[in-house]
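When reading the values below, keep in mind they use all heavy atoms of this one structure, side chains included, and skip hydrogens, waters and symmetry mates. Remember, predicted model here, so these are calculated numbers, not experimental data.
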Amino acid sequence: MRIVFMGTSEFAVPSLNKLHSSGFSIEAVITQPDRPRGRGRRLAYSAVKEQAMHLGLTVLQPLKVRLPESVEMLQEIGPDLIVVASYGQLIPPVILHMPRYGCINVHSSLLPAYRGAAPIHRAIMNGERETGVTIMLMDESLDTGDMLAQVRMEIGETEDSGSLEARLAQKGAELLVPTIESWVQGSIQAIKQDESRSTYAAMLKSSEETIDWTREAREIGNQIRALSPQPGAYTLWEGRRLKLFSPLIPEFGDCPEAVPGQLVEVSRDHFVVKAGTGCLSVYEAQREGKKRMPASEIVKGAGFITGLILGR
């Protein structure tokens, strides 16, 4: 069976590896064009391109997959199946209907919940305790296709988007191969999504990175975890951004009387900030222009003392 794999981010790499190690014939790997990254703005490969090259696979990087030349390229390959995982572009109908077994997508949510671009971030930000991976047939709308398989996973109390994405990526890869085999053999039946239960995971906005200390401590903790490791939730200290990571809700009862954003405790390995309701302990942070570091390094800063008000 001739397979074309389409993916870009780290989330897609385990699925590519699993297909390759399982002996499938991967005729080509399609990924996003190289993008400028970092301070030097040098062109960088996607995670999928790097791994595909390591595996000795053919890599194609059309600017837009919907362009006629991209469609012709795929028609020449003649895939029996297209597997998509975190590719980053909408697939046009002409490509969706091209393979005889269709296009299969590995999506990081329990569909129909959290359709869209940021299902992992939104699940954590909304305080969900459970998520999962869905293997689905792609159709012309966004994440609305019939489902072939699904697996559930708990979200850890302190888990951030980075660690959750890694776990979901591995679980999705493990689910992918037996799902493909069953689909091709005709031993599973696609299940329609329940539209009444659908929710949408919109792309993250830069305005969501700013911490509002008047909110509940748990909501702020969810925001920090959802935006970790990238792009990072931040507050202000001495007029410059201070990104916060590794939050915990302290076990002590009532918080000291303070205004939202005020430091109520500065310890050797963490600091505690008063929120609108409750308090939040922070164990890692990153000053503007610096690397992420333990809070123990931050609290050494002059003026970082109990009573300081962040966010100004």
Practice problem: Please work out which of the three classes, parallel, tilted or perpendicular, describes the rings of H270 and Y283, given edges at 30° and 60°. | Solution: parallel
Self-check item: Any L111 side-chain heavy atom under 4.5 Å of M136 side chain
Solution: yes
Practice problem: Answer yes or no: is there a donor N or O on one side and an acceptor on the other, between the side chain of E140 and the main chain of P93, under 3.5 Å? | Solution: no
Quiz item: Does the pair R292/E284 count as a salt bridge with the N-to-O cut at 4.0 Å?
Solution: yes
Quiz prompt | Rounded distance (nearest 0.5 Å) linking atom CD of E219 with atom CZ of R215 | solution = 4.5 Å
Practice problem: Tell me, with the steps shown, if N105 and Y87 meet side-chain hydrogen bond (donor to acceptor under 3.5 Å, both in side chains). | Solution: CA-CA 10 Å; N105 179 245; Y87 175 54; over 6 Å; no
Exercise. Taking S182 for its side chain and T179 for its backbone only, find out whether a donor-acceptor pair lies under 3.5 Å.
Key: no
Quiz item: Ignoring hydrogens and geometry, is there a side-chain-to-backbone donor-acceptor pair from S198 to P112 under 3.5 Å?
Solution: no
Quiz item: Can a donor-acceptor pair be found between the side chains of S163 and E165 at a distance below 3.5 Å?
Solution: no
Exercise. Taking R241 for its side chain and R287 for its backbone only, find out whether a donor-acceptor pair lies under 3.5 Å.
Key: no
Quiz prompt | L242 backbone acceptor or donor facing E288 side chain under 3.5 Å | solution = no
Exercise. Please answer whether the main-chain N or O of E10 pairs with a side-chain N or O of Q51 as donor and acceptor at a distance below 3.5 Å.
Key: no
Exercise. Please report the C-alpha distance between Q89 and Q32 in whole Å, then the side-chain angles of each, then the deciding distance to 0.1 Å, and finally whether the side-chain hydrogen bond (donor to acceptor under 3.5 Å, both in side chains) criterion is met.
Key: CA-CA 8 Å; Q89 292 186 27; Q32 295 270 38; 2.7 Å; yes
Quiz item: Do D80 and R100 meet the salt-bridge criterion of a basic N to acidic O distance under 4.0 Å?
Solution: yes
Practice problem: Report yes or no: does S109 contribute a side-chain atom to a donor-acceptor pair with the main-chain N or O of A113 at less than 3.5 Å? | Solution: yes
Exercise. Salt-bridge test for R167 and E159: reply yes if a basic N is under 4.0 Å from a carboxylate O, no otherwise.
Key: yes
Exercise. Could you check D34, T31, T8 and say which one makes a side-chain hydrogen bond (donor to acceptor under 3.5 Å, both in side chains) with S46?
Key: T31
Exercise. Please determine if R115 forms a cation-pi arrangement with Y200, meaning its NZ or CZ atom is less than 6.0 Å from the six-membered ring centre and no more than 45° off the ring axis.
Key: no
Exercise. Taking the side chain as every heavy atom from C-beta outward, state whether M73 and E76 have any pair of such atoms under 4.5 Å apart.
Key: no
Exercise. Before accepting this row, confirm whether a basic side-chain N of the pair R152/E128 lies closer than 4.0 Å to the acidic partner's carboxylate O.
Key: no
Quiz item: Do side-chain atoms of D160 reach the backbone of A226 as a donor and acceptor pair under 3.5 angstrom?
Solution: no
Quiz prompt | Point-to-point distance, once rounded to the nearest 0.5 Å, from OG of S246 to CD1 of I224 | solution = 9.5 Å
Quiz prompt | R122 with E208: basic N within carboxylate O range, under 4.0 Å | solution = yes
Quiz item: Taking C-beta and beyond as the side chain, do L175 and Q150 meet within less than 4.5 Å on heavy atoms?
Solution: no
Self-check item: Main-chain N/O of P231 paired to K243 side chain as donor or acceptor, under 3.5 Å
Solution: yes
Quiz item: Does the W183 side chain pair with the main chain of Y101, one donor and one acceptor, at a distance under 3.5 Å?
Solution: yes
